[in-house]
Amino acid sequence: MADHLSSKEHYETLLDKYDTWMFDCDGVLWHGDRPIDGAVEVLDILRKRGKRLLFVTNNASKSRKSYKGKFDQLGVEAKVDEIYGSAYAAAVYISSVMKLPKNKKVYVIGMTGIEEELREEGVSFIGGTDPADNTLEPFSLVNFTLDPDVGAVLCGLDVKINYTKLSKAFQYLTRNPGCQFLVTNDDSTYPSADGLLPGAGSISAPLRFALEKDPISIGKPAKTMLDCIQAKVHFNPERTIMVGDRLNTDILFGQAGGLATLLVLTGISSKEDITGPNASSIVPKYVTQSIGDLRVVRSS
């Protein structure tokens, strides 16, 4: 059963127990372009207490450098090397784990964030934001030339998803021997400033159905994301806490890595998801209404 935090003593104990704080972003620190009340102040309190902060997001629409711009815009202090996005993790996975040969390339369903991270890792790619793939013209195999050098298809959030992209990805995955099917994350939805929208998992769903095959998922809750962080940052899992708004990604991710978990109720998962008659089997260690609740420790 989760501990529901409410008193100043609860939050003081929490701060004392954990040295490294990992945060999801959308639904935890902000909604769209609006910071959640008190989030900036709480991060400042944690830094002043000497805590290490890491930002772990499944958002693959932006590269880490671009994401840093969003932090700056919202007045949230963050360094690029504190930000771990699923686009970055996917690029590292392709270059360092898959070790995709230099003569091979990736077909991308996604946005500039994925392209920037692949470029940083020295991985060649096609598709993505290429105007030829962002067309409303009907797709025809008559006009399609298979590129034999495509060794992987990587699918992330793509707000310009169309039949052409799905068809090309399907061709590579069924006709290029050994072509790997990868997704940045499995999120079915994501919280925009004005409500829920389909997430990256919904973009890859047609391919899963057509292929009758599940992809390798890189982002939360997959351990691949934590491996990516551990390769860059030394931290003690027993003194680390994951703060998130979603049980089946953030909380599951923390639990799989042996971390403590704090669920905030400002995003996807609700109180009913952990206490109601159809409660999830994923139970966080701690629950609080909002990250802003931790402000009560500031007067100590």
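From a predicted model like this one, the values you see are computed outputs, not experimental measurements.
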Would you list the pairs meeting ring-ring contact (aromatic ring centres under 6.0 Å, His included) in which at least one residue belongs to [range], sequence neighbours left out?
range            : answer
residues 92-132  : Y107-Y172
residues 243-283 : none
residues 40-64   : F55-F71

Closest non-hydrogen atom pair between [X] and [Y], with its separation:
X    : Y    : answer
E115 : G128 : OE2-CA, 3.5 Å
P237 : G257 : CB-O, 4.0 Å
P215 : V183 : CG-CG1, 3.5 Å
V264 : V243 : CG1-CG1, 4.1 Å
D24  : K220 : OD1-NZ, 2.8 Å
C25  : T57  : SG-CB, 4.3 Å

Euclidean distance, [Y] [atom2] relative to [X] [atom1], rounded to 0.5 Å:
X    : Y    : atom1 : atom2 : answer
H31  : D26  : NE2   : CG    : 8.5 Å
Y88  : E120 : OH    : CD    : 9.5 Å
L182 : C155 : CG    : SG    : 10.0 Å
N185 : I218 : CG    : CD1   : 10.0 Å

Can you establish whether the number of heavy atoms outside [X] located under 6.0 Å from its atom [atom1] is more than 12?
X    : atom1 : result
Y163 : OH    : no
K285 : NZ    : no
Q230 : CD    : yes

Practice prompt. Could you go through the salt bridge (Lys or Arg N to Asp or Glu O under 4.0 Å) check for E117 and K62 one step at a time?
Written response: CA-CA 9 Å; E117 296 293 11; K62 292 181 172 68; over 6 Å; no
Within one Ile-Leu-Val-Met-Phe-Trp-Tyr cluster: [X] and [Y], side-chain cutoff 4.5 Å:
X    : Y    : value
V56  : V92  : yes
M225 : V233 : yes
I114 : I94  : yes
L196 : L29  : no

Discussion item. Can you confirm whether the side chains of N59 and S61 place a donor and an acceptor under 3.5 Å from each other?
Written reply: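 A pair is found: one side chain offers a donor N or O, the other an acceptor, under 3.5 Å apart.
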Item to complete: Mind jotting down which residue pairs meet the side chain to side chain donor-acceptor pair (under 3.5 Å) criterion with at least one end in residues 135-151? Sequence neighbours excluded, please.
Response: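 Of all non-adjacent pairs touching residues 135-151, those that pass side chain to side chain donor-acceptor pair (under 3.5 Å) are K105-D147.
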Please set out all donor-acceptor pairs under 3.5 angstrom arising from side-chain atoms of residues 36-46, sequence neighbours excluded.
from	atom 1	to	atom 2	distance (Å)
D37	OD2	R295	NH2	3.2
E41	OE2	R298	NE	3.4
D44	OD2	K48	NZ	3.1

Discussion item. Check this for me, if you would: do E82 and R47 make a salt bridge, where the nitrogen-to-carboxylate-oxygen distance has to be below 4.0 angstrom?
Written reply: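 Yes, charged N to carboxylate O under 4.0 Å.
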Worksheet item: Hey, are D158 and K165 close enough for a salt bridge, meaning a charged N less than 4.0 Å from a carboxylate O?
Response: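 A salt bridge is present here (some side-chain N lies under 4.0 Å from a carboxylate O).
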Worksheet item: Which residues satisfy the salt bridge (charged side-chain N to carboxylate O under 4.0 Å, His left out) test with R208, sequence neighbours excluded?
Response: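 So R208 forms a salt bridge (charged side-chain N to carboxylate O under 4.0 Å, His left out) with D186, D214.
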Fill in: T189, N58, D273 screened by side-chain hydrogen bond (donor to acceptor under 3.5 Å, both in side chains) with R246, the one that passes
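The side-chain hydrogen bond (donor to acceptor under 3.5 Å, both in side chains) with R246 is passed solely by T189 among T189, N58, D273.
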Worksheet item: Is the closest side-chain heavy-atom distance between K70 and W30 below 4.5 Å?
Response: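 Yes, at least one pair of side-chain atoms sits under 4.5 Å.
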Worksheet item: Parallel, tilted or perpendicular: which describes the rings of W21 and Y18, with under 30° parallel and over 60° perpendicular?
Response: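 Because their plane-to-plane angle is over 60°, the rings of W21 and Y18 count as perpendicular.
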Worksheet item: D81 and R64: salt bridge (Lys or Arg N to Asp or Glu O under 4.0 Å), yes or no, with the steps?
Response: CA-CA 8 Å; D81 62 7; R64 296 197 300 167; over 6 Å; no
